[in-house]
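Have a look at the structure below before the remarks.
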Amino acid sequence: MPDQGTGTLNLSQDEKIEGMASEMTAAVLYGREDLRLERVETPRAGAGELVLRVGAALTCGTDLKVYRRGYHAMMLTPPIPFGHEMAGVVTEVGEDVTGFREGDRVVALNSAPCDECFFCRRGQQNLCEDLIFNNGAYAEYIRIPARIVEKNTLLIPDGVPLEHAALTEPLACVVRGLEETGAAPGDTMVVIGAGPIGLMFMHVAELAGMEVIAVVKRDDQVETAKLFGAAQVVQTTVEDVVAATRALTPGCRGADAVIEAVATPATWEWAVDMVRKGGIVNFFGGPPSGTTVALDTNRLHYGDITLKASFHHTPSTCRTAFELIVSGRFRAAEAITGRARLDEVPEIFRQMLRRTGGSREIKTAVFPEGAPR
Ligand SMILES: [Zn+2]
Ligand SMILES: [Zn+2]
């Protein structure tokens, strides 16, 4: 470790940064359920890049999935820096960066599209053939690649807590999922699942003026679903979930749109049975590859039903999500139910894995510098 050379006079930018922290603590994923805290080299900003001191990083269902499987198809193979939802303060500005300065509070998204490939040119930047990802949020510092700095890094207004801004990434996926349904104010929307993503869907749909019916499993999720905007709640413990849900829709016709946010074959099938003729289903939860479901082709055809799935976010939905958070319309504080230190991250994941229900945890905010306030 470098000596106590901070605070001395007239150090160059380089000396200042090297003198302050040539090493840092980071959570690194080595494989299945193998997450370790390590001392690693503090990242430096190359041309076009930023380095942030991580102010808050959030746990996420995707991280849990990666932790359980030990890899992710779209990330590098282990060992990999872990975590992807975060906000922080700029500590180093690379050459040619003009939009940000040291000390700026920013949220940097976990990816950015190329804007040149087949998919990007068709407005499907979420499917970009050269989507670059950034991971390593559970760390004291993180480097932001030039393309993310340029396209998906947003300045956080004063007064907005960093942990709230860090919700931009998952919320951007949800906003896109909602936009893709084409649902309009007054429409009835069923959301199946009350995990973090399902709850965010309920809230965003409510904010967009939809009548939300939540389908949840546990007793404690009933209240949480209402807190996040569900007008009515059906529990999966009822004898016929589909009938009970349809009974709550106007004329018992079924919902205008159904969001599936559980990722099991059964809930995918329910989703199709809960939608009205001419309605749309968005399968938002992604089951493991190789999973199949059984659907009634007659009902799909004569019911004129649209089935779709949504993946990831675009720069546009990132901005919409960010606006929902900074304007205070999205109740970000309700979504963050735990607070932890960086050294607690491996244990948090062990606990998330063991969690079998009954827990009201939505997201845990990790504060590498210690919790604010
Ligand atoms: Zn996430
Ligand atoms: Zn592209």
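What you are looking at is a predicted structure, and each value in this text was computed from that prediction instead of being measured. What you see below is based on every heavy atom in this structure, not just the backbone, and it leaves out hydrogens, waters and symmetry mates. Start at 1 and go down the list; that is how both ligands and their atoms are numbered.
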- Which word best sums up how the rings of F201 and F284 line up, parallel for under 30°, tilted for 30 to 60°, or perpendicular for over 60°? perpendicular
- Query: Judged by modelled atom types alone, do N282 and T181 share a side-chain donor-acceptor pair under 3.5 Å?
  - Reply: no
- Is there an N/O/S atom in C173 at a distance below 2.8 Å from the Zn ion (ligand 1)? no
- Message: So that I can check it, does any N, O or S atom in E85 come closer than 2.8 Å to the Zn ion (ligand 1)?
- Response: yes
- Query: Could you go step by step and tell me if D115 and K151 meet the side-chain contact (heavy atoms from CB on, under 4.5 Å) rule?
  - Reply: CA-CA 10 Å; D115 285 323; K151 298 183 183 190; 2.9 Å; yes
- Partner of H84 by side chain to side chain donor-acceptor pair (under 3.5 Å), out of N110, D63, N135: D63
- Using the Zn ion (ligand 2) as the apex, give the angle to atoms SG (C114) and SG (C128), rounded to 10 degrees. 100°
